[in-house]
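Since the model is a prediction, treat every value here as computed from it, not as a measurement. So you know, we letter chains A, B, ... as the sequences are listed, proteins then strands, and number each from 1.
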Amino acid sequence: MNNYALIAIIVLYLAVLFYIAFLAEKKRQSKWVNNPYVYTLSLAVFCSAWTYYGSIGIAANSGINFLPIYLGPVIAAPLWIIVLRKIIRISKQHKISSIADFISLRYGNNRFLGALVTIVCLFGTLPYISLQLKAVSETFAIMSDESSYISKAVIDDSTFYVALLLAIFATFFGTQNTDASEKHKGIIASVAFESVLKLVFFLIIGVYITYYLFDGTSDIYNKISVTDNFKQLTTLGGLEDGFNWFFMISLSFMAIFLLPRQFQVSVLENNREKHLKKAIWLFPLYLLLFNVFVIFIAWAGKLTVGSTQNAEYYTLLLPLENGNSFLATLVFLGGFSAVISMVIVSTLALSTMVSNNLIIPYGFLDKFIKNQPERNSKYIKNIRRISIFTIIISAYFFYVTFSKELSLYSIGLISFVIISQLAPSFFIGLFWNRGFSKAAIIGIIIGFFITVYTLILPFILQAYTGNDDFTQYGLFGISVLKPYALFGIDFLSAPAHAFFWSMSLNVMSYLVSSLISKGNYRERNYAEMFVDSRNFTSLQDSALVWKGEAYVADIKNVLVRFLGEKRATRALTIFFTKYKLPQDTQLADARLINFSEKLLTGSIGSASAKILIASVVKEEQISLVEVLKILEESKENIVSNKVLLEKSNELSQLSSKLKDVNEELISKDKQKDEFLDTVAHELKTPITGIRAATELLMDEDDNMPKEMKAQFLKNILQDSDRLGRLIHNILDFEKLETGRLNLDKHYLDIHKTIAKAINSVSQIAAKKEVKIVNKNIHAFKINYDEDRILQVLTNLLSNAIKFCEPKTGKIIVDYKLGNQFVEISVIDNGKGIPEEDHDYIFDKFYQSKHQNTIKPQGSGLGLAITKQIIEKHNGKIWAKKGKKNGATLVFTIPFK
Amino acid sequence: MKKKILIVDDEPNIVMSLEYTFKKQDFEVYIARDGGEALEILKHHIPNVVLLDIMMPNVDGYQTLKHIKNTDSLKDTKVVFLTAKNKASDIEKGLKLGADKYLTKPFSVKKIVSEILGLVT
């Protein structure tokens, strides 16, 4: 095919992708962009040119060994529900923008660790990108007519321009937002589209080769099985191969989590956690479909082409050989799709890391001082744009320098081994809270250097020096240091061998360093957050181990630099509202520090965010003792919260009591009013009588008969007495009720007091011919106020006399000794007290409905006063129930 | 024809003064010591005016008034409260219930007479 036609196709295809990405960015909320299928297809960025072309090369040369690279992800998929979901959740909460951010945050926002992870990722990804460029270049060469033409300079190498186009594409859609944690919907949509294309085209060529060029799978099998070395290609080679498989599977298992582009699509670009549910079965299915025809294509290619030197490109060579350039073009486009998606997502992920974890925290941070959010965000975007270009161009030169000598497969494996060095700090850190930053750094560095020694150095040395002394004899000729057979382990393939040693030592140093060192408070806090993500929300906001001082105004200034005045103010308003803090809060607390760091993390990475915020926060180092103290305090807080709760319960009880008291007071007030009303009424009655009688006596002096006059005068006298008695009783009662009465208590003989009382009413009794008996003749001394008890007895006796029938009336006064008191009874044979009145007779001004006495005699206060006196003596008074004849009133007086 | 007055009060001394006064004014005087007794008397007699205390045992003044108001044969009978309750709210209540006059204790005998005479002639 003509070179220019091919370039035209490439440009046209890129335009289509550009358009798709553009549409997706425009309709960010559309269902077409946000669904589990797009998510799953974006995960298929895993299948790069390495899968598309490289697998067939492996299959042709070493049989089914291409499979473990896909088995790892298939095994990992079910675990996503637990592991990946946790990672996604944490990343969303913290606005994580790359795997470097994620790991550095886990270890307390360690700046160096973030940079180290970035460097590891760069080393792991650059060769990988160059691998893709190599594939483009080689397939381009196969496709074009002028296969004899070999580019001599960068300037006329089409691959260079393809690389440039990809860089432009990545720049355009990768740096729309300053906040790298924002979703790149355009890129993801185009990746999903490419994933469909590469799979469909690969299946088409598979079907074409298997069923068109050959008569189906059994035909190919029958033909290949008679060739040499066939057995070797279809069986596993014993224990050693078993080891190799195991390491390959482990490697790809880790890669599906750790590759920057996988982290980008599976974590950062994840819209909804529930999309994972579909992905865990759909993604393995995708991988399966991709691998169905690999082995048959490889065999078919081997049968047709004969040599396996160019086995990776059988899918192109076979249709071309059969004159089907249309199919070849489709295959080329499929492979190109695999390349584009891988390169763009990888550079996007890497550029974010380079800017957020390398450049900004290590140099450009000082630039962000002035209060110019727009210029700052321009800076950040430019750093990323330059990073993208630099990465892709570096990858191109890497390709020009090294990759030409290596197969796609081996470059891919080198990348995997390098990236896998992040695994211990990543996976163990997720589930073990004792892992600390120092340990992570040591582990990664050791693992990385071992990888360099056992895998990369031999390649480079061989490429430069052209001899393999280093691999043959080891460093300085020491055989145990042979890079492919360290310490005598010589049965593993080079990548498996490198992986074995680097991973073992990485894990070991990570674990040992973690156990012997203690992270600082910040690390411990983040470790707790990541490991126990159930407590995540409470931990991240309370961040209880933080001590320091910062002003909200300073923090706001930092925020304004990156978010702009409006967004910064809004964010702070939301924060204050959420935590019910006053909007004019001056001193920032730990929550605000964390909140602000999180806000900035998306823009400049977590390490930079920490540094920026720290620049305005006077953060003090906290010793372990203090941490424990703070923890203790927070415990105390919980306890004091409990106490508070109890207190508040007590308070509410108290307030309800208070309410009762208040009601009582109100009712007392009301009672007082009623009492005063009654008193007024009672006082007015005799006065009315006196006034009327006096008036009549004055006016009718001459006309009034003498008896009438005498009657009125007698009435006046009676009313006057009543008035006097009433006033006396009211004052007495008031004194008793308000407790102002002091008893004048002495030890006296109760028998004598009873006798005295009987004596004082004897005249009235005699008048009515009522008999009174003092029944108990024994003397008994108790402690009481004699005047008051006399008053009680007289009152009770007067009442009894009042209710007794003349002549037949009989009253008995008796007393007996109780346990601690004497019980005195006044028993009469009068008309008795109706049971319904028993509870009320001691109330002031209570008049029984059944009372039928002549009015002027009572004050209405007699029994009320009596009761007060008895109660003042700590005694009780009551009317005995169940009496058929007469009334019995009983009261008690304690001995002392 | 002699005017008839029913005096309802549980204070005998007050009743005595009133009885003397209205007999002097040539009234036929009926006495009741509470509402119950009053209603009993009203079964057989239709006085021109009832002089009614409020605070009495058993049936009080208010109840007695209501009964009078509800009795057809007593529709021409005037009812005058004579009570020690002299709060504005009490007076309002009494008049609302339909009393023709509300007089308070202690009272001037002459004033009571003129009020009652004003009411029945």
Considering residues, nucleotides and ligands other than [X], do more than 12 of their heavy atoms fall under 6.0 Å from its [atom1]?
X      : atom1 : answer
A/K768 : NZ    : yes
B/K2   : NZ    : yes
A/N885 : CG    : no

Discussion item. If I measure from the heavy atoms of chain B, does A/M708 come under 4.5 Å with its side chain, its backbone, both, or neither?
Written reply: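 Only the side chain of A/M708 comes within 4.5 Å of chain B.
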
With rounding to the nearest 0.5 Å, note down the distance linking [atom1] in [X] to [atom2] in [Y].
X      : Y      : atom1 : atom2 : value
B/D9   : A/T685 : CG    : OG1   : 8.0 Å
A/T688 : B/E11  : OG1   : CD    : 8.5 Å
A/K684 : B/K85  : NZ    : NZ    : 9.5 Å
A/Q711 : B/S17  : CD    : OG    : 10.0 Å

Worksheet item: Tell me, side chain or backbone of B/K87 under 4.5 Å from chain A's heavy atoms, or both, or neither?
Response: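 Just the side chain, heavy atoms under 4.5 Å.
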
Item to complete: Measure from the side-chain N and O atoms of A/E695 to the backbone N and O of B/S108, and report whether any donor-acceptor pair falls under 3.5 Å.
Response: no

Item to complete: Under 4.5 Å, heavy atom to heavy atom: which of residues 69-83 of chain B reach chain A? Give them by number, or say none.
Response: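 Heavy-atom contacts from residues 69-83 of chain B to chain A are absent.
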
Fill in: Interface residue of largest heavy-atom contact number with chain B, from A/I687, A/D699, A/L683, A/I716, under 4.5 Å
A/D699

Worksheet entry | Top contributor to chain B interface from A/A693, A/A692, A/G689 [non-hydrogen pairs under 4.5 Å] | A/A692

